[in-house]
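First up is the structure itself, then whatever we jot down about it.
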There are 2 protein chains.
Amino acid sequence: MDTTQRTEQQRSADRRRRELLEAADRVVLRDGPQASMNAIAAEAGITKPILYRHFGDKGGLYAALAKRHTDALLDSLRAALDAPADRRERVEATLDTYLAAIEARPQVYRFLMHPSEGGQGGEQGFDVGKHSAPLLRRMGEELAQVIEDRLDLGPGGQRLARVWGHGIVGMMHAAGDWWLGERPCSRAELVRSLADLLWGRLAAAGDKIGGPGF
Amino acid sequence: MDTTQRTEQQRSADRRRRELLEAADRVVLRDGPQASMNAIAAEAGITKPILYRHFGDKGGLYAALAKRHTDALLDSLRAALDAPADRRERVEATLDTYLAAIEARPQVYRFLMHPSEGGQGGEQGFDVGKHSAPLLRRMGEELAQVIEDRLDLGPGGQRLARVWGHGIVGMMHAAGDWWLGERPCSRAELVRSLADLLWGRLAAAGDKIGGPGF
DNA sequence: CACTCGTGTTACCGCAAGTAACATGCACGT
DNA sequence: ACGTGCATGTTACTTGCGGTAACACGAGTG
């Protein structure tokens, strides 16, 4: 007597939830991550307590919002990663996809990277890193999986793959962040430079005259 | 008639400032970045307005605090970077220095990376990246300079050096963050894996049986 | 018709950032 | 000796946000 009815009600609840998320999205896109719950509620045409009924607290709303965007971005990245081409081309395509995404929607990007999750109350039991952007972690794990699946790295390959997954993602992220702020070169140049780095050009480069190289 | 007196007064002011910073340091180390101004003032044995007179606002205090630690860390890194050894050894030493630092004082590390800079008031004119941790930017620029000075990268070397500087720092940071959270391997193994990545092992690895490699 | 349940509201609490206005100690010129 | 600056310190306040309690309406059901 409950399950069928439940689905009916849950559907409307889910629709509401989606509407609220889209409203929140608009506000966050406009005001950045410090958007207030009041502002979001106003944008959605309702008031605060409803948001809290749906998402628990601000962290919950932000987590839901972040999950949407993160999932979307990860889908794009997976597509680039799975394209039929050789390794170097795929690496470049993946880098370019990521950079194009953050270039197109910098506000979203900033929101995902800096959830600003400090409140006054409770749960400060942090283990460092538990709070840092989950997007990076997910991308790192995903990439690690791909590396482990496809590359023959010999003994210790699994550990190596995870280190590399997180490392490469971090490289991409930091370079992208810097690039987005200063725009020192075109996206294509950036992609090429990063791929060159991954391809060992750092180790291969010669010293400059005057001493042992870096 | 004033300069001599000024230096006298300024000295005492500077000493106060340092005492306040050390108190703030203790609190941030204990409570994390969400430490309140009240708590910091209490730890210093004074009250809020004095903090505001010295540092303007919370961002000012945090900036001053961050600068201290950032400078200290950068000094360590420079030392590792300038040691008399070949390139690979120096890269490993630098990575290890960084990782040892964040391992030894995770609270400081977390504070530096996530200043939690959202307030209610003004200045939200962000240019993405303006808010992201200044430590990463400074490390990236510093490393870029070293790379540019010491490596012969041919035409476009300057751009390449900057991209690489920020990219390598990001790699180090993300991998360190993940490692600190999960501790999947020893520090030495992590260092070695990252150096291997920079040395082109990703490009050199063979495909696994069953398809074109990553 | 009473009953409940989901949806919505207003009005409030607690807390932290930041400020205004008042108090006090100490060096100075005359 | 005495007011005059000036830095240092205080209490008490405002503002704004996250979060909650208590109340109010509308629809389906015995």
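What you see below is based on every heavy atom in this structure, not just the backbone, and it leaves out hydrogens, waters and symmetry mates. Each chain gets a letter, A, B and so on, in the order its sequence line appears, and its residues count up from 1.
- For the pair B:N38 CG and C:dG18 C1', the computed distance is 11 Å after rounding to whole Å.
- In this structure, the NZ atom of A:K48 is 10 Å from the P atom of D:dT20, given to the nearest Å.
- Rounded to a whole Å, the CZ atom of B:R17 is 16 Å from the P atom of D:dA7.
- The CD1 atom of B:I50 sits 14 Å away from the P atom of D:dA7 (whole-angstrom rounding).
- Put simply, OH on B:Y62 is 7 Å from P on C:dA17, counting in whole angstrom units.
- Within 6.0 Å of CZ on B:R68 lie more than 12 heavy atoms contributed by other residues, nucleotides or ligands.
- Looking at B:D25 and B:H69, their side chains do bring a donor and an acceptor atom within 3.5 Å of each other.
- The separation between A:D14 atom CG and C:dG6 atom P is 15 Å, rounded to whole Å.
- Taking the centre and axis of the six-membered ring of B:W164, the NZ or CZ atom of B:R162 falls outside the cone set by 45° and 6.0 Å.
- In this structure, B:R187 places its CZ atom where more than 12 heavy-atom neighbours from other residues, nucleotides or ligands lie under 6.0 Å away.
- C:dA16 atom P lies 16 Å from atom CG of B:L61, rounded to whole Å.
- When the side-chain nitrogen and oxygen atoms of B:T47 are compared with OP1 and OP2 of D:dT10, one or more of them lie within a distance under 4.0 Å.
- Contact check, A:R53 against D:dT20: no side-chain N or O comes under 4.0 Å of OP1 or OP2.
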